[in-house]
Amino acid sequence: MKPPRTRATSVGVIDIGSNSVRLVVYQAMERSLVTVFNEKALCGLGREVQTTGLLASDAVDKALTALKRFRALCKVQRVGQVHAIATAACRDASNGPDFIAKAEKICGAPIQILTGAEEARYSALGVISGIHKPDGIVGDLGGGSLELIDVRGHQVRSGVTLPLGSLALQDLAEKSLKKAQRIASEALTDLPQLLAGQNRTFYAVGGTWRALARIHIIQSGYPLGVMHGYAIPAADALAFVRRLRRLVAADMLADIEAIAEARRPLLAYAALVLEHIIRVARPTTVVFSTFGVREGLLYSKLPDAERAKDGLLCAAQGLNELLSRSAQHARELIDWTDRLFRVMHIRETEDERRLRHAACLLSDIGWRMHPDHRGEQTYGIILNGNFGSISHEGRIFAALSVFFRYEGLGNEAKPPALTEQLSPAQIDRARLLGTAFRVAHLISAARPGVLPATHFRTHDRKLMLVFEHQMVDLVADRVGGRFKQLARLVGRSGSIVRS
């Protein structure tokens, strides 16, 4: 009998930023972080630091009040370990040390004041933890500073910190967008960290840039509201931020109600900085990441072996263990489809293979739902899942594969929304994988130990499913019918063989 899984120790991060103070509690210190609580207070600690050198007194009061609540929340939730960090405003303000001393007494934990280099590095590590094999420039726009750093796969290069955070730029420019434009241009033109971004990806991190992405989603009518991994061609992003900056300046932005009131005055400054970055770096794509400093901090504390794991597969495995009838069966399904694709000589890229493996792990998470709605419900769960290391296109593919597993390929199984984002070849591959799932789950009733006793053979244009002797009683006409449907999808005839 499998021993009960020990309860993981939760971990919290208190992030004292220049604009917001936030508490995030994660289920455990692991490769794929699962958020169980997230709350922020927009305090504006850094709104006057550039001109006065001080944290504003009312902002300090707001932040300390928020921290008292955060400590109480950590006690209520019995958070096992709490990490506290502070960024640009606290490191730049002359009264920062006094504020930090008071904050540490409230939090009951030491607060690490990040240097600009540390903040840039943790931002990069956050993107590495949440984006599969990133290649480009990470830009983390906070309230007090902008960090720019180059990432390639798991490699992080040296970064730079600039006083171009939304609050800092507003303060330096004395609330003049024209002056802010001049400041940003002088700081970013010919910057080596940006010039290295040509024809690569720019990864936008930070709450105000996410607010820009939210407005773009609304205005473009894009039907998936997941912020992480939202990608815009750089040319489109440049036109958008130019237009948005003009609309915000003229108080004519119709969709501003979707943005928190405290962030609204900062939108034009964030748009202005992004405009200059795109013009200088000339990336191909702008990708928005919800993984940043906090996730990077925890990622840096993981053992090397844990960091090397695939974040998507770890997340899918977590949902598999939580929601499937048998976590082991889903892992056996990976091996089963490996063998099937190998016998059928179906070529896969590395990313196609990992998406197939993720779909296998997620293929039974809808079993508790009403049979009439399993397809659409699991499609929504996977599509909107709170996990990283997957693109929006990848989400749609994995979700569609499991949709076909539940709905079949009949005329009544109408493809759900967003499938137009996939190519015909991707949709065909999702149909094939979903049909394979239908065969495997019908054979095994989602129980472990069955699929390893079935094998595949080919002869000429015939695909055969072979049952070992001890499993032959599982053969049925319905199984044969589904397997023949699977074989037809790859241009073959299908048959069942009893060993």
Side-chain angles (χ1 to χ4, degrees), residues 8-17 22-38 79-87 109-142 147-159 161 201-207 209-210 226-229 287-319 354 358 385-391 394:
T9 302
S10 60
V11 59
V13 178
I14 293 174
D15 183 356
I16 304 172
R22 186 186 293 266
L23 167 67
V24 185
V25 178
Y26 302 96
Q27 182 175 273
M29 188 78 161
E30 54 194 352
R31 176 62 182 87
S32 179
L33 295 170
V34 177
T35 304
V36 295
F37 184 84
N38 187 336
V79 178
Q81 189 175 21
V82 178
H83 302 276
I85 56 174
T87 54
I111 297 173
Q112 180 185 1
I113 304 175
L114 302 181
T115 65
E118 288 172 330
E119 193 172 352
R121 178 173 173 271
Y122 287 142
S123 295
L125 291 176
V127 168
I128 288 170
S129 76
I131 302 283
H132 185 59
K133 294 186 177 179
D135 180 8
I137 308 301
V138 174
D140 186 348
L141 184 78
E147 280 69 45
L148 296 167
I149 190 164
D150 193 306
V151 295
R152 291 178 187 266
H154 285 79
Q155 300 300 312
V156 177
R157 300 190 176 183
S158 60
T161 298
T201 299
F202 180 74
Y203 301 99
V205 178
W209 273 343
R210 288 197 298 274
V226 175
M227 202 63 59
H228 184 70
V287 173
F288 294 87
S289 172
T290 60
F291 288 64
V293 170
R294 293 180 295 275
E295 291 75 19
L297 171 72
L298 298 184
Y299 180 80
S300 73
K301 297 179 182 298
L302 292 174
D304 290 345
E306 191 72 11
R307 285 203 301 269
K309 291 180 180 178
D310 187 313
L312 169 62
L313 297 183
C314 288
Q317 178 62 26
L319 283 174
R354 63 191 290 270
N386 187 20
F387 44 78
S389 300
I390 187 171
S391 65

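Annotation: ring-ring contact (aromatic ring centres under 6.0 Å, His included) contacts of H228 (sequence neighbours excluded): F291. A search for side-chain hydrogen bond (donor to acceptor under 3.5 Å, both in side chains) contacts involving K309 returns E306, not counting sequence neighbours.
R307 contributes a side-chain N or O that, together with a main-chain N or O of L302, makes up a donor-acceptor pair within less than 3.5 Å. Under the 3.5 Å distance criterion, the side-chain polar atoms of Q155 are left unmatched by any main-chain donor or acceptor of R152. A distance-only check finds a donor-acceptor pair linking the side chain of S10 to the backbone of G80 [under 3.5 Å].
Looking at every heavy atom in both residues, R210 comes nearest to S289 through NH1-O, 4.1 Å. Taking all atoms of both residues into account, the shortest heavy-atom contact from A358 to A316 is O-CB, 4.0 Å. Residues W209 and F288 come closest through the heavy atom pair O-CE2, 3.3 Å. Shown here for I85 and I111, the closest heavy-atom pair between the two residues is C-CG2, 3.9 Å.
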Without placing hydrogens or testing angles, list every side-chain donor-acceptor pair under 3.5 Å for residues 121-129, not counting sequence neighbours.
from : atom 1 : to   : atom 2 : distance (Å)
S123 : OG     : E119 : O      : 2.9
S123 : OG     : D140 : OD2    : 2.6
S129 : OG     : G126 : O      : 2.7

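Looking at I14, T35, V36 one by one, the single match for side chain to side chain contact (heavy atoms under 4.5 Å, CB included) with V25 turns out to be V36.
Between L319 and F387, the closest side-chain pair of non-hydrogen atoms falls below 4.5 Å. When side chains are defined from C-beta on, D15 does not count as touching L297, because their heavy atoms never get closer than 4.5 Å. Counting heavy atoms from C-beta on, the side chains of E118 and S300 never come closer than 4.5 Å. When side chains are defined from C-beta on, H132 does not count as touching L312, because their heavy atoms never get closer than 4.5 Å. A 4.5 Å side-chain heavy-atom check between M29 and Q81 finds every atom pair outside the cut-off. Residues V138 and E147 are not in side-chain contact: their nearest non-hydrogen atoms beyond the backbone lie 4.5 Å or more apart.
Rounding to the nearest 0.5 Å places NZ of K133 at 8.5 Å from CZ of R354. Rounded to the nearest 0.5 angstrom, E295 CD and L33 CG are separated by 6.5 Å. Separation of atoms CG (L23) and CG (N38) is listed at 8.0 Å; rounding is to 0.5 Å.
Around CG of D135, the count of heavy atoms belonging to other residues, nucleotides or ligands within 6.0 Å exceeds 12. Q112 CD: more than 12 foreign heavy atoms inside a 6.0 Å radius.
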Query raised in the report: Should V293 and L114 be marked as a side chain to side chain contact (heavy atoms under 4.5 Å, CB included) after you check the CA-CA gap, both sets of side-chain angles, and the distance that decides it?
Result: CA-CA 10 Å; V293 170; L114 302 181; 3.9 Å; yes
